[in-house]
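Quick notes on the structure that follows.
First the proteins, then the strands, lettered A, B, ... as listed; each starts at 1.
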Amino acid sequence: MSEQFTVYLPDGATKTVAPGETAYAVALQISEGLARQAVGAKVNGQVVDLHRPLADGDQLQLLTPRDPDSLEILRHSTAHILASAVKRLFPSALISIGPVVNDGVNGFYYDFEMEQPFTPDDLVAIEAEMKRVIAEKSSFQREPVSRDEARRRFEAEGEPYKLELLDAAEGDITIYTHGEFNDLCRGPHLPDTGRVKCFKLLSQAGAYWRGDSNNTMLQRIYGTAFFDKKELKKHLHRLEEAKKRDHRRLGRELGLFTVSEKGDLYHDEVEERSYFEEIGQGLVLWLPRGARVRETLESFWRRTHRQAGYEPVFSPHVAHADLWRISGHLGFYNESMYKPIAVDDEEYLLKPMNCPFHVMIYKTKAHSYRDLPVRLAELGTVYRYELAGALHGLMRVRGFTQDDAHIICTEASLEDELNKVLRLALEYLRAFGFEGFDIMLSTRPEKFVGEPSLWDRAEEALRGSIQATGLDYGVDEGGGAFYGPKIDIKIKDAIGRTWQCSTIQLDFNLPKRFQMNYTNSDGEKVAPILIHRAIMGSLERFFGILTEHYAGDFPAWLAPEQARILTISERAEAAAVSLLAECEAHDLRVELDNRNESLGKKIREARLMRVPYLFVIGDREVDEGTAAVRSRQGEQFGSLSHEDAVAWLAEKSLPPSLDL
RNA sequence: GCCGCAAUAGCUCAGUCGGUAGAGCGCGUCCUUGGUAAGGACGAGGUCACGGGUUCAAAUCCCGUUUGUGGCUCCA
């Protein structure tokens, strides 16, 4: 009674296997090479081990290193190998959890409870031990067990974290074993440890058990793994590249900004304390060259927003505590606000957001449905008490400027407004060369304010506006804020990292709290809909992202210095000075290097400062009344008369125009 | 805020076993007047983050503080 199973391959082919046979057997049937290569299988859409028995009628896809799912299997298995190596070298280490991560790191980590944190030397030793585990080629054994059995085993091994995970685990319990190492794990894994060819441990850091700061601090090791040595190399190179692009480094080298520079001043013996010459954590100083970029960004922003029908406004940095009481910030945002400032007998607070001010601007007069929508825009500097450990260059600061705007509209015009906002946001971002977008729609959470029917209509309007762009999007069900649904846009930079910048949020709460209204066509006063939106998010952060995106090579329209005039000898000075004056008269950001240095040195320095264009003037050019034009990359544009050079640079420096 | 790591000249960094500091770049002066990524010489510049302790002696060892940094957390 040897009955046979039929399984279906992705190309529609069928294979016949005996009961109990595995995906591996099917791979062998197809070719030995495939069997050698296969790392796992997808059965009826679910990723499983290569050695999982098949059932009749299964849809089978063999996973080779080329499949994206394979990488996850590889990395997860490498995490297990890491854990087993750590247990060998540090028997007292307690294992906890070791998942694959795709966010930024592109690898995996494993958390351990350790008596001592790992040192860099430990990482080297662990890597060496991992190589031994790999050389052993132990097979990964999957073992379905009962909860009691699993409990008994991890109790015997003295692994409290595993017991805790067991309690939290849903569904069937499986244990994966390779060599002497057992781990509670859903799998799947590689056939054996020998399949891991190239991996690297990257870093070590503390991390709380289950991400809760009330729990024990565990020691986390990050690593990554690839099937192909070249891929690993490329990845490490990318990490290096990212380091080279680090905006903190470029910010210093290019003289763009500085964050909370500290200098020691003196120690006061009487007061018994030291005074530090510093601004304060997370506060940014824009240096002249960075400020020029910011100015350009700001005027670009103003121009596009006027064009898009926004009214620029300004609001103060502080406001009476009552305003924040009415807005509700004192209740739900208190932890992120700077402590109050005493003014007479009253309390004032530094603004963490601009919304209450824009609401107050709206409320300075009565509105009719005829004059909606009102679009108020402001580059508003806000202050938020971010945790000290979270601060990072310009990416996470405590004082930053939002490109904030609030649109107050009727429900009838909501969809139209959302379409416009989204279109503006995408056009604006594309102007900087951002092409990839991750769009996420977040819907009603469990705790919310407002009418469910309004939420539904609003979510539909948001969805409709995304669909109008033709771009893909994800939905974070229940991920909206309590006051309204939202759209977030993440941009992909030049090396593929994603950054969340733009957000479009509906607010059903503030209009109610501030009793905002307008008169509708029936003469009734009704509440408008409030849309919060930001495109760059924070100017500081956006500037940091741009710096890394361009790797410091700002396009000419943004560059702090669009061209530099280089003299070859003193004889060129007069001509250079006159060209400089002509450039400045045309509002071009141009500087003159007439130092007593060689041309080679001047070019080198101009390139290091990433000046897009160089105008070289020597005897020849003086005679001709020209300048020799080249780019920072070395492209030659020939000799242009001063007039032509200015016009040429002006054209190269034109800001992008948006199709709104 | 929590855990690890770090702090030496404006910048990047060296400094062995504890014996009061070095390099390159930058900066200043002078020479050189040059042709597309570094011309040469000389010089100035540091309470080794801050405070305390151990020691005959501390940049170095210990403790605390500050700041930075890698994570965690948070991110209306």
Are [X] and [N] close enough that a side-chain N or O sits under 4.0 Å from OP1 or OP2?
X	N	result
A/Tyr222	B/G4	no
A/Lys601	B/U33	no
A/His392	B/G70	yes
A/Gln636	B/U36	no
A/Arg571	B/G34	yes
A/Arg607	B/U36	no
A/Gln219	B/G4	no
A/Arg248	B/G70	yes

Check your understanding: Is the number of heavy atoms from other residues, nucleotides or ligands within 6.0 Å of CD (A/Gln500) greater than 12?
Key -> yes
Which nucleotide wins on minimum distance to the side chain of [X], given the candidates [options]?
X	options	value
A/Glu605	B/U33, B/A38, B/G26	B/G26
A/Ser598	B/U36, B/C75, B/G39	B/G39
A/Arg604	B/A37, B/G35, B/U12	B/A37
A/Leu387	B/C11, B/G35, B/U73	B/U73
A/Ile603	B/G35, B/G71, B/A37	B/A37
A/Gln281	B/C74, B/U67, B/U33	B/U67
A/Glu570	B/U33, B/C74, B/G35	B/U33
A/Glu597	B/G39, B/U73, B/U36	B/G39

Review point. What about the rings of A/Phe542 and A/Trp499, do their centers lie closer together than 6.0 Å?
Key: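 That pair fails the under 6.0 Å test.
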Review point. Is the gap between the ring centers of A/Tyr222 and A/Tyr109 under 6.0 Å?
Key: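 Centroid separation for A/Tyr222 and A/Tyr109: below 6.0 Å.
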Distance check needed: [N] [atom2] versus [X] [atom1], whole Å only.
X	N	atom1	atom2	result
A/Tyr613	B/A37	OH	C1'	19 Å
A/Glu386	B/G1	CD	P	13 Å
A/Leu391	B/G68	CG	P	7 Å

Check your understanding: Do A/Glu386 and A/Ser336 meet the criterion of a side-chain donor-acceptor pair at a distance under 3.5 Å?
Key -> no
Check your understanding: Does the base of B/G35 carry an N or O that pairs as donor and acceptor with the side chain of A/Glu621 under 3.5 Å?
Key -> yes
Practice item. Report yes if the side chains of A/Phe543 and A/Ser538 come closer than 4.5 Å at any heavy-atom pair, otherwise no. Key: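 In short, these two side chains do not touch, never coming nearer than 4.5 Å.
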Review point. Which sits closer to the 5' end of RNA chain B, A/Ile568 or A/Pro352, going by the nucleotide each is nearest to?
Key: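 Mapping each residue to its closest nucleotide by heavy atoms, the 5'-most match is A/Ile568.
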